[in-house]
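Within every chain, numbering begins at 1; the chains are lettered A, B, ... in the order of the sequence lines, protein sequences first and strands thereafter.
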Protein chains: 2
Amino acid sequence: MNSEFSIAVHSLVLLANLPERMATSEMIADNVCTHPARIRKVMSTLRKHGIVATKEGIGGGYILDCDPETTHLALIYRAVCEGTLKPSWSSGDPETGCMVASNVQKVMDGLFHEAEEYLESYWQRWTIADVLREICALHQAKL
Amino acid sequence: MNSEFSIAVHSLVLLANLPERMATSEMIADNVCTHPARIRKVMSTLRKHGIVATKEGIGGGYILDCDPETTHLALIYRAVCEGTLKPSWSSGDPETGCMVASNVQKVMDGLFHEAEEYLESYWQRWTIADVLREICALHQAKL
DNA sequence: GAAACTGTAACTTATATAATTACAGTATGA
DNA sequence: TCATACTGTAATTATATAAGTTACAGTTTC
């Protein structure tokens, strides 16, 4: 998995914690520690899934377009990295005569697909607000 | 995740299906479609976890050292790619004053760790023999 | 119409993955 | 006992993926 999921969750938690729930790609990039263009790419995907809204022009930026208390990480996972659990390389070769070599790809693909669905049910346990609360708890513990 | 898990599962299923449950790295590599040295690397890890035994010298190779009916994919996952669910890149920066930026790494690390344990409970549902049976079923369906 | 934004593609660089080579170590059997 | 056929492992090279960067067109505001 690449780290777009972490970027998306971090950005959404950040927005949820801002008074106006709005920030520019530059502000988010500073906080996430990456390049604004990368933030815009991830945010663009989240916008297409209705999780954030964007406003172009002066005073524009990204604004949370969901309820952090009911938006689960599973939705974010699906938006941003569905299908990435399965490795790009596959073993075996469908063209050979060997039963194992010729059928293992399809079976493993099925397992990875099911494993990913299972994993999504873990992300379904967490909302954006939950993650923010975990962060707050850590923060409090330091004081 | 890299594809050593797929290679390990494929290799073990292949061994389980052989009369003597034994094969050389070259035979396995041919079947898996990769290089024998890569097979030796993965098999070496499986040997250290007691899943296969190896025999050096003439007539040597790898032999299954577990019961395929009771050896779950979770064991193979742990042996071969524990810790790879979490992306290597992390967002945020523990040194900043921002509550979110400075604590998000630890929280996300915890989530990825728990997610991986959850995922392992999926792999626990499958044994090597189960995978072989799935392959056989696909094979039968073609006839 | 200048300024401050997003959207997106193209390009570069860094890192991870896979393939390959090489060779030391080990068991077998003629 | 020596050639042979294996594993074990490290080093190197090649390739694919991820991340960073640049660039610029499009949009909104003032």
| said: Using OP1 and OP2 only, check whether a side-chain N or O of B:Trp89 sits under 4.0 Å from D:dG20. | reply: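 Yes, because at least one side-chain N or O of B:Trp89 sits under 4.0 Å from OP1 or OP2 of D:dG20.
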| OP1 or OP2 of C:dA19 less than 4.0 angstrom from a side-chain nitrogen or oxygen of B:Thr34, does that happen here? |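 True: B:Thr34 side-chain N/O within range (under 4.0 Å) of C:dA19 OP1/OP2.
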| request: Could you please spell out the steps behind the salt bridge (charged side-chain N to carboxylate O under 4.0 Å, His left out) verdict for A:Asp130 and A:Arg133? | output: CA-CA 5 Å; A:Asp130 290 334; A:Arg133 277 189 288 269; 2.8 Å; yes
Listed pairs under 3.5 Å, donor-acceptor, residues 6-13 of chain B side chains, sequence neighbours left out:
| from | atom 1 | to | atom 2 | distance (Å) |
| --- | --- | --- | --- | --- |
| B:His10 | ND1 | A:Ser91 | OG | 2.7 |
| B:His10 | NE2 | B:Asn31 | OD1 | 2.7 |
| B:Ser11 | OG | B:Ile7 | O | 2.7 |

| Is the centre of the B:Phe5 ring less than 6.0 Å from the centre of the A:Trp89 ring? |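 Between B:Phe5 and A:Trp89, the centre distance exceeds or equals 6.0 Å.
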| query | For B:Met22, which of B:Val52, B:Leu64, B:Ile63, B:Thr54 qualifies under side-chain contact (heavy atoms from CB on, under 4.5 Å)? | reply |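 Going through the options one by one, the only one that passes is B:Ile63.
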Listing time: all N or O pairs from protein to nucleotides 3-7 of chain C that are below 3.5 Å?
| from | atom 1 | to | atom 2 | distance (Å) |
| --- | --- | --- | --- | --- |
| C:dC5 | O4' | A:Gly57 | O | 3.4 |
| C:dC5 | O2 | A:Gly57 | N | 3.3 |
| C:dT6 | OP1 | A:Ser25 | N | 2.9 |
| C:dT6 | OP2 | A:Ser25 | OG | 2.8 |
| C:dG7 | OP1 | A:Arg47 | NE | 2.8 |
| C:dG7 | OP1 | A:Thr54 | OG1 | 3.1 |
| C:dG7 | OP2 | A:Tyr62 | OH | 2.8 |
| C:dG7 | N7 | A:Arg40 | NE | 3.1 |
| C:dG7 | O6 | A:Arg40 | NH2 | 3.3 |

Nearest-Å distance, [atom1] ([X]) to [atom2] ([N])?
| X | N | atom1 | atom2 | answer |
| --- | --- | --- | --- | --- |
| A:Ile39 | D:dT22 | CD1 | P | 17 Å |
| B:Lys41 | D:dA11 | NZ | P | 13 Å |
| A:Arg38 | C:dA14 | CZ | C1' | 12 Å |
| B:His35 | D:dT9 | NE2 | C1' | 14 Å |
| B:Phe5 | C:dT17 | CZ | P | 16 Å |

| What parts of residues 8-19 of chain A reach DNA chain D, counting only heavy atoms under 4.0 Å away? |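 The answer is none.
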| said: Going by side chain to side chain contact (heavy atoms under 4.5 Å, CB included), name the residues that satisfy it together with B:Ala23, two or more places apart in sequence or in a different chain. | reply: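 With sequence neighbours excluded, B:Ala23 shows a side chain to side chain contact (heavy atoms under 4.5 Å, CB included) to B:Leu15, B:Leu18, B:Met27, B:Ile28, given in chain and number order.
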| field | Residues in side chain to side chain contact (heavy atoms under 4.5 Å, CB included) contact with A:Glu114, at least two apart in sequence or another chain | value |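 A:Glu114: side chain to side chain contact (heavy atoms under 4.5 Å, CB included) contacts with B:Tyr122, B:Trp126.
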| query | Do the non-hydrogen side-chain atoms of B:Asn17 and A:Met99 ever get within less than 4.5 Å of each other? | reply |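 In short, these two side chains touch, coming nearer than 4.5 Å.
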| field | Contact list for residues 134-143 of chain B, test side-chain hydrogen bond (donor to acceptor under 3.5 Å, both in side chains), sequence neighbours left out | value |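 Residue pairs passing side-chain hydrogen bond (donor to acceptor under 3.5 Å, both in side chains), neighbours aside: A:Asn103-B:Lys142.
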